Amino acid sequence: MKKATSVLTLFLILFAMYWSFHSAIPSYSSDLTENENNFSTDRALVHVKNIAQKPHAVGFKAHQEVRNYIVKELQNLGLETSLQEGYTAGDWGNLSKAINILARIKGSEQGKALLLLSHYDSNPHSSFGASDAGSGVATILEGVRTFLSQNKLPKNDIIILLSDAEELGLNGADLFVNEHPWIKDVGLVLNFEARGSGGPSYMLIETNRGNTKLIEEFTKANPKYPVANSLAYSIYKMLPNDTDLTVFREDGDIEGFNFAFIDDHYDYHTALDTYERLDKKTLAHQGSYLMPLLAHFSTSDLSNLKSLNDSVYFNIPFFNLISYPFEWIWIMYGLAILCFVVLLAHGFQKKVVHLKEIGKGFLPLLIALAINGVIGFYSWPVLKWGYPQYKDILQGFTYNGHTYILGFAILSFAICFWIYHKFRKIATANLLVAPIFLWLLLCALVSAYLPGASFFIIPVFGILIALLVTINQKHPNPFLLLFLALPAIFIFTPFLKMFPVGLGLKMLIATTLLATLTFVLLLPILSSYSRKNKWAYLGFILFIGCMISAHLNAKFTKENPKPTSLVYLYNSDTKKAFWASYENELSSWTKQFFNSNTIVAKENFSNTLTSKYATNFTFIAATAPKNIADISIEKTKDTIIGSSRILNICISPKRKVNRLEIFTKNTLEKASINSIKLSPYYLKNRKRNKLATHFISNNDYTELEIQIPKDDILELSLYEASNDLLTHDAFDIKARPEHHIPMPFVLNDAIIVTKTIRFD
C-alpha cells in the first residue's frame, strides 16, 4: 500500500476510535437562558452547587440543610412533599434513621406509576456528594421542572423519591420499598447514580426476568446518547449489586433502569467530589436520558414491562442502540461458521489459501497475545512497586490512570505491529484465518457462558467479508477494508477504557488483550502496510511519552491530593491509647504520630472497623491517653426461654458520636437493633464477626436484643467513633496540608473508644 494511503487510513482508524468516545456523550455549552421548556444543564448545576456546599452524610448537620433545600425546591414547583422517617438496617447490618423525601405528580389515569429515584446523602465523612448523588438529585429537580413547564398532563402518576442513607446500606430505599404504601403503585424506576465525577453515563437494567420489554420501550423513548450493552448487563447480574434500585428489584419485584457514570473514579467518595470537579457534559448526559424517558414512560403502560426473554443490545455511533433476541445468537454464530468454512474452501480452490501458510499465521497471533497478556497482567503490580504511593488510592484508579490506559493500549498495538512485521511475507488471506478462528472460538464461549456479550460476533462478519475480498482481489480497496473494520473499532474501542476505569488499573490486562484482539480484526487493512515496523517504533516512542507524562504526574499535588488517614484509638479495658493509620506510605502529616519507638504489633488490632475493601490498619503507635468519655452499657433483660438465652442491652453515648460498630464471635439465633430484626441470612453470613453498625443521628442510643444458646456466654466488642479528631479540645492537631485529603472507604479523622464486655 502506498505510504500516503497508509497514513490516511491509519488517521481514519484513529479518528473512528476517537469518535467512538466523542459520540457517546453530549457536548456542553452554557444554557442558563435556555427556553424554560427545555432541560438546562446550568440550571441543574445550580442545584448541585447548593447541595454540595458541605459533607452531608446521615447524622451530619448539613444533612438536614440539604434535605430542607430539596423540600423547598420541590414545593417551589408546586408539589406537595412528604417525609418518610424510620430505622432500617438493610441487608448489610447497617442501622440508621433514614428520612426519605417524597412528592407525587398525579396522572390522568389509574395505571402504574413512574418513580424517579436518586439519593441525597453523601458518603461519610468527607465527601461533598456533588456527583454521588447530588448530580442525580439535580437531574430530577431540573427534569421535573422542565416537564411541568410544558403543561402536559401525564397518564401515569410520577413519584419522586429522593432517598436517604443509600451510602450506609440502601436504607432509605429499603424503608420505602418495605413500608411505604405508594410502593404498590410503582411500575418502573429510573435511578440516577454516580461512581466518579465524569465520563458517559451507562444504562444498566435491573430485572428479575428478561430484559426484552425494557429494551423495546427504552428504544421507543429514543434517548439521543444511549451508552449501554448487554455484556455489562450480564456481568451486572452476576455481581452483588448495590444501588437503591436493587432493593426495588429484590424486595418489590419492580423493574428499572440505572443511569450511572464511573469515570474519574479517583474522586469517588472523597473530598474531591465537588461541584467544581463534576463534568458538565456528564450532567448533560444524565438530562439527555431523563427527558425522553420521562415523556415516554409517563404515558406508557407500565404494567406490561415484564418479559421471560432477553435481548442482546449494544450502542454504536450513528445507529444508537441496536438489539436483537437471544434466539438469534446461535443462528448468527452458525452462519458465521458456515461462511468461514465456505470461504476456506473457496480460498483453497483458488489456491490463494494454503494450509502451511495458515499454520504460520497462528504464530504472530499467539506471540502477540502472550506478550501483551504478560505485560497487562504484571503492569499494575509493577506500577505499585515503582510508585508505592498508589497503594493509598484504595479505588485502584490513580489520578494519571487515563495516561496509563492510553500508554498500554498504544504499547499493545505497537507490539502487534512489530510482530506482524516479522511475518509480513505471509499473504493477507492466510494471515486472517487465525484471528477468525480465535474470534469464533471466543464467540462460542461467550454465547454459551456470557450470552450478553454475543454481539462480539458482529465484527467477525466484517473480517469474514474482508477475507472474501482478499481472496478474490490482489489489491483490494483499502477504504473498503477500513469500512468493514468499523464495527470492530466502534464496538471494542470503548471497552479498552471501560474495564480499567470501572474496575481499577488491575484490569489493564483487559486493555492489552482487547487491544490485541481488536488489532487482528483490523488485519485486512493493517497487514498491507509496507512498513509496519516504523509504526511499531512510533508506538514505542508514544508509549514512553505516556510513561514519562504519567511519571511527571505521579506526585500528589493540590489538584491531585494524597489520601491520608489518622485515628485515635482508646481501649477503655486496658486504659491504653494508640494512633492508627490505614496509609501504606505515611505522609509528612501523619509521620509525626509514628516512630520506631512507639509502633506496636498490628496483629493485636485485627478486629478493626469494617470498610469497603476490608482494609486493616497499617501503622499503630502507642500514645498518651486523653480524657475521652467511656461507653455506657446497660443490661436491661437476661432471661432463659426453652433452649435459648435472650438479652436486651442498651448502649448510650456519653459524648457526641457518629458511629457504633459491634462485633461478636458468638453464634446468634436471632438479633435485632433498635427493634429492627437482622435477617437470618445476614446473621449466618456475617463477615469479620460484625454484628451491626449503627450510624447515629442526634446521639441516639443503641438497643440490642440478642438470642443465643442458653449455655453460651455473650461477648461483645464495641467500637464507638466520632469524626471530631481534628476539632476536639483534647487534641492539638494541625490541619491537613492542601495537597492531602482524608482517605475514603475507611473510618477517618476519628476518635474511637473500644470496649469488650462479657455477659456471663
Side-chain angles (χ1 to χ4, degrees), residues 52-66 94-97 121-129 165 167-168 269-271 273 561 563-572 575-583 587 589-590 592-594 605 608-611 615 617 619-621 623-632 651-662 693-702 718-738 740-755:
Q53 293 289 317
K54 305 171 188 174
H56 47 279
V58 172
F60 286 37
K61 181 181 178 181
H63 182 248
Q64 182 175 342
E65 296 172 0
V66 169
N94 290 350
L95 179 80
S96 70
K97 181 181 288 185
D121 62 309
S122 66
N123 185 264
H125 74 101
S126 58
S127 173
F128 287 81
E167 299 290 3
L168 308 182
H269 282 185
T270 74
D273 187 4
T564 55
S565 160
L566 183 67
V567 299
Y568 172 84
L569 191 65
Y570 176 69
N571 188 321
S572 67
K575 310 303 179 186
K576 293 182 179 180
F578 306 88
W579 293 113
S581 177
Y582 291 100
E583 292 178 45
S587 66
W589 182 69
T590 48
Q592 60 183 310
F593 302 98
F594 301 91
F605 297 86
T608 54
L609 291 108
T610 55
S611 62
T615 311
F617 290 135
F619 291 92
I620 299 172
T623 188
K626 301 288 185 179
N627 185 23
I628 306 296
D630 203 350
I631 304 173
S632 174
I651 305 165
S652 302
K654 298 176 71 174
R655 62 191 178 101
K656 174 62 178 175
V657 297
N658 299 95
R659 173 172 165 174
L660 175 67
E661 194 143 21
I662 307 162
T693 300
H694 183 187
F695 290 90
I696 297 171
S697 301
N698 303 318
N699 239 34
D700 284 345
Y701 62 86
T702 304
L718 309 178
Y719 289 71
E720 184 188 69
S722 58
N723 296 125
D724 58 352
L725 177 60
L726 304 189
T727 58
H728 197 283
D729 293 339
F731 300 88
D732 182 20
I733 300 175
K734 295 179 181 179
R736 278 185 176 83
E738 60 181 6
H740 291 173
I741 57 171
M743 182 178 286
F745 311 113
V746 295
L747 187 63
N748 216 333
D749 295 354
I751 299 170
I752 306 171
V753 176
T754 72
K755 192 177 189 70

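Just so you know, these numbers come straight off a predicted model, no measurement behind them.
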Lys734 NZ: over 12 foreign heavy atoms closer than 6.0 Å:
no
Under a 4.5 Å cut-off applied to non-hydrogen side-chain atoms, are Ser581 and Met743 in contact?
no
Side-chain donor/acceptor of Asn748 to backbone N/O of Leu566, under 3.5 Å:
yes
Side-chain donor/acceptor of Asn94 to backbone N/O of Leu168, under 3.5 Å:
yes
Heavy-atom side-chain contact between Glu167 and Val58 under 4.5 Å
no
Phe731 versus Ile628, closest heavy-atom pair with distance:
CE1-CD1, 4.2 Å
Should Ile651 and Ile662 count as side-chain neighbours, where that means a heavy-atom distance under 4.5 Å?
yes
Tightest non-hydrogen contact, residues Pro625 and Lys575, listed as CG-O, 3.5 Å
Could you state the interatomic distance from OH (Tyr568) to CD1 (Ile733), rounded to the nearest 0.5 Å?
10.5 Å
Would a distance-only check, ignoring hydrogens and angles, find a side-chain to backbone donor-acceptor pair under 3.5 Å from Ser722 to Asn658?
no
Does the ring of Tyr570 carry Lys626 above it, NZ/CZ under 6.0 angstrom from centre and within 45° of its axis?
no
Tell me whether Lys656 at atom NZ has more than 12 heavy atoms from other residues, nucleotides or ligands lying less than 6.0 Å away.
yes
Using only atom types and a distance under 3.5 Å, with no angle test, would you say the side chain of Asn699 pairs donor to acceptor with the backbone of Val657?
yes
Nearest heavy-atom pair of Gln53 and Phe128: which atoms, and what distance?
O-CE2, 3.4 Å
Nearest-0.5 Å distance that lies between atom OG1 in Thr754 and atom OH in Tyr719
6.0 Å
Point-to-point distance, once rounded to the nearest 0.5 Å, from CZ of Phe619 to OG of Ser565:
11.0 Å
Would one find more than 12 heavy atoms of other residues, nucleotides or ligands at under 6.0 Å from atom OH of Tyr701?
no
Do Lys97 and Asp700 meet the salt-bridge criterion of a basic N to acidic O distance under 4.0 Å?
yes
Heavy-atom side-chain contact between Glu65 and His56 under 4.5 Å
no
Would you name the heavy atoms of Ala629 and Val753 that are closest together and state the gap between them?
O-CG2, 3.9 Å
Nearest heavy-atom neighbours spanning Thr590 and Phe594
O-CD1, 3.2 Å
Any heavy-atom pair between the side chains of Glu661 and Leu747 that's under 4.5 Å?
no
Ser122 side-chain N/O to Ala57 backbone N/O, donor-acceptor pair under 3.5 Å
yes
Checking Thr702 against His694: is there a side-chain donor and acceptor pair closer than 3.5 Å?
yes
Quick one, Glu720 with Lys755, criterion salt bridge (charged side-chain N to carboxylate O under 4.0 Å, His left out). Give me CA distance, side-chain angles, the key distance, then yes/no.
CA-CA 9 Å; Glu720 184 188 69; Lys755 192 177 189 70; over 6 Å; no
Which atom of Ala580 lies closest to which atom of Ile620, heavy atoms considered:
CB-CG1, 4.2 Å
What distance do Ile696 atom CD1 and Ser96 atom OG have between them, rounded to the nearest 0.5 Å?
11.0 Å
Output for pair (Thr623 OG1, Phe578 CZ), nearest 0.5 Å, gives 10.0 Å
Are any side-chain N or O atoms of Gln64 and backbone N or O atoms of Lys61, one a donor and one an acceptor, separated by less than 3.5 Å?
no
Phe745 and His269 aromatic ring geometry - parallel, tilted or perpendicular at 30°/60° bounds:
tilted
Quick one: which of Asn723, Asp121, Val66 gives a side-chain contact (heavy atoms from CB on, under 4.5 Å) with Phe60?
Asn723
Would you compute the distance between atom OG of Ser587 and atom CD1 of Ile741 and round it to the nearest 0.5 angstrom?
11.5 Å
